[in-house]
Protein chains: 4
Amino acid sequence: MDDGPSSPGRHRQPLRADAQRSVDALLAAAAQVFAESGVDAPVRQITARADVGAGTLYRHFPQRSDLIAAVFRREVDACAAVGPTLAAQYEPLEALTRWLERFAGFVATKRGLSAALHSGDPAYDSLPGYFQQHFEPVLADLLDSAARAGAIRSDADPWDLLRAIGNLAVPLEDGDDHTQRMISLLVDGLRYGAGSAPRQA
Amino acid sequence: MDDGPSSPGRHRQPLRADAQRSVDALLAAAAQVFAESGVDAPVRQITARADVGAGTLYRHFPQRSDLIAAVFRREVDACAAVGPTLAAQYEPLEALTRWLERFAGFVATKRGLSAALHSGDPAYDSLPGYFQQHFEPVLADLLDSAARAGAIRSDADPWDLLRAIGNLAVPLEDGDDHTQRMISLLVDGLRYGAGSAPRQA
Amino acid sequence: MDDGPSSPGRHRQPLRADAQRSVDALLAAAAQVFAESGVDAPVRQITARADVGAGTLYRHFPQRSDLIAAVFRREVDACAAVGPTLAAQYEPLEALTRWLERFAGFVATKRGLSAALHSGDPAYDSLPGYFQQHFEPVLADLLDSAARAGAIRSDADPWDLLRAIGNLAVPLEDGDDHTQRMISLLVDGLRYGAGSAPRQA
Amino acid sequence: MDDGPSSPGRHRQPLRADAQRSVDALLAAAAQVFAESGVDAPVRQITARADVGAGTLYRHFPQRSDLIAAVFRREVDACAAVGPTLAAQYEPLEALTRWLERFAGFVATKRGLSAALHSGDPAYDSLPGYFQQHFEPVLADLLDSAARAGAIRSDADPWDLLRAIGNLAVPLEDGDDHTQRMISLLVDGLRYGAGSAPRQA
DNA sequence: GATGAATGAGCATTCATTCAT
DNA sequence: AATGAATGAATGCTCATTCAT
């Protein structure tokens, strides 16, 4: 399921020790830089922090999106993995809400990611597919469960919701829970018109 | 001292004829350029189209946001003005929905505006205030009416909603009404838990 | 006939004093650099020597070939102008030979020019036309006169000869008159088979 | 007669089998790459095609010119060998002309070779000697025969001619026989002033 | 006031060569 | 011997902003 950093689909190919060191340094550096300056931070900033030549970065991550995907892979996996866990622990609606907040948390710390996704720059072309592939099934399951439980309508499109929250979830000043309120509102929208009425016992 | 285009609050000081001509040309040019290439299009593109020197632009619009605000002023005013009109023509909930879609339409055609607002670049610092000042009261009224009519809850924060839709409203491919669906969902969220139950008679 | 450096065909537009200074500095610097390092020397080398920003160079000479043409314009003009002069002073064959040597002298000091002409790089696309336009008519006249005098054949193609000598005329070590010998040989080739026999009185 | 590819003068030392395989692969790959992209094609292109590490190339061919010479050795030998053959089949002048065209054909397919020879880059220093050593005697013989037959003058310098045609023979667009015409012209130059007059019986 | 020339830091990217593995 | 990862200087080019004219 996992392989060399730049060839997400091929057969695993063990990296030489020095290469592995470089890749690790780059991922760590990029993670920091992305957090501080956004995903479109200058390449140099990353290589400098990783103490690595520019060519090394391009060797392992020929496309900018390759680096982004690699940096976020762990986080994406982690976030996606939370879906089933929540589904097992909470009742469907609660699980859904919690996961959306979790997902928003993931997005919010990725400054510039949303912009990059819509920039039209071909260097980012592969990213939407990457995210869709990893997140859509998870959300689809959560929506299904909630719908089957009668808690929400059954016509919600998971990709629609992911895009919406992906755009909504902007980094905020401390103490501002705008994103959370908006998620709550969206979920209420899903509940509205579901089989069971909202209020009355 | 004057309120040349960049100082909206001061005492009016009529521009010299040539200055006025420059400002007009810049506004027209910027409007076109923003529409074609987004609000972060290169400055030269604008000055070239306006047939004006770069210095002239900086004289009248020292900050990028000054130009953006000036360019959008008419559209902002127009969009804001639609609020009362809709309120007079439709029942509260319908008016609210329609205006939010109108507002989304405004935002969607401003490529890069949302990104600019969150870029952290001080050149855009004054924009959020500008939009808040013009749009918030309008939406507040619409929400109030709808709430008083019992169509939606009464605790909705207009600025929250404006920000949400401002982020949500991304330019889409033809035929994709993602934004409209999401607005509808948000409004349903507002309706959920309002005095009257959604479905049953 | 002559205008702004980058717009060889338009109406003359007097340059501002500072612009003229920059252009002059650039031309002087480029001339030196081309002589030392060839026409594909790094841009930076030229701007540094001219004490001018990189943008200034690109403003006046958007294409590399624009700079080359401008740098060589004087020399091209001078070389082309020598044709009629020689034609007036010497008998046709002598004039022809002398001009070809003069032309070879022009080419020989332009290191890399010939290579640039054949590099396929679009940045040099306009150069062949530039040279053809300036040199071909001059050589055509010289060939015509010599042919009419019966000194050479009448089927020589001027552009063919220009290309040949353009390639032939490579910078040589001091004291090596390879180029001159080859020109002489080519001219002998032209004489061969002309109306009058070579040797016998 | 032959030794390690890079040390033409030392005592023969048979290569290990794997080393020989590498060298062969490199020569084959380089031949293809030179034909497609010229002799100054990126090194990586060659090593990639040879499926060999970069270090391996540098081990066997420390200088770029070593590789070029090795790659062209067969072709050079073949071209040189044609001289005597032609001399045996045709009368001297015809043989001379045909061989010059053959030589031009060799040069013309080596994109960038002529430029490399004059680049001043020390990596190419040894090439002129290599070519001189192989081609000069062949041409000297052809010139001698033609001169002794009275078809051309006797003062032609073979190295001069080789250089001239080496420069002249530039890759051309299809259907353009510029090079052939120029060779013909040069040969006519050689004929001019020879013992026998060109035309009159 | 207007102009637009000049600036020059900044960026992505390539590639010959070295050297740890 | 072979590998190929790493290096990092070098290069062309852009563009916001300033300031001489």
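Labels below follow one simple rule: chain letters A, B, ... track the order of the sequence lines, proteins then strands, and each chain is numbered from 1.
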What pair of heavy atoms forms the shortest contact from [X] to [Y], and how long is it?
X      : Y      : result
B:R49  : B:Q32  : NH1-OE1, 2.6 Å
B:V39  : B:R64  : O-NH2, 2.9 Å
C:R111 : C:P171 : CG-CG, 3.7 Å
A:I46  : A:F34  : CD1-CE2, 3.9 Å

Presence of donor-acceptor pair under 3.5 Å, side chain of A:R44 and base of E:dG10: no
Closest to the B:H60 side chain, choosing from F:dT14, F:dA1, E:dA2: E:dA2
Options F:dT3, E:dC15, F:dT18, nucleotide nearest the side-chain atoms of B:A54: F:dT18
Residue whose nearest DNA chain E nucleotide is more 5′ - D:V43 or B:S22: B:S22
Whichever of B:G53 and A:A41 has its nearest DNA chain E nucleotide further upstream toward 5': B:G53
Figure out the [atom1]/[atom2] separation between [X] and [N], and round it to whole Å.
X     : N      : atom1 : atom2 : result
D:D24 : F:dA2  : CG    : P     : 12 Å
C:R21 : E:dT7  : CZ    : C1'   : 14 Å
D:D40 : E:dC15 : CG    : C1'   : 13 Å
B:Y58 : E:dG4  : OH    : P     : 16 Å
B:I46 : E:dG4  : CD1   : P     : 16 Å
B:L67 : F:dT17 : CG    : C1'   : 15 Å
B:L57 : F:dC15 : CG    : P     : 16 Å
B:D18 : E:dG1  : CG    : P     : 8 Å

Pairwise 5' ranking along DNA chain F for D:T56 and C:Q45, keeping only the more 5' one: D:T56
Base-pairing mate for F:dA9 - Watson-Crick or G-U, with both contacts under 3.5 Å: E:dT14
Watson-Crick or G-U wobble partner of E:dG8, both distances under 3.5 Å: F:dC15
From CA spacing to verdict: side chain to side chain contact (heavy atoms under 4.5 Å, CB included), A:I68, A:Y130: CA-CA 10 Å; A:I68 296 179; A:Y130 178 78; over 6 Å; no
Sugar-phosphate, base or nothing in reach of D:D121, heavy atoms under 4.0 Å: nothing
Short side-chain N/O contact from A:R64 to OP1 or OP2 of E:dA12, under 4.0 Å: yes
Side-chain N,O (B:R59) to OP1/OP2 (E:dG1) below 4.0 Å: yes
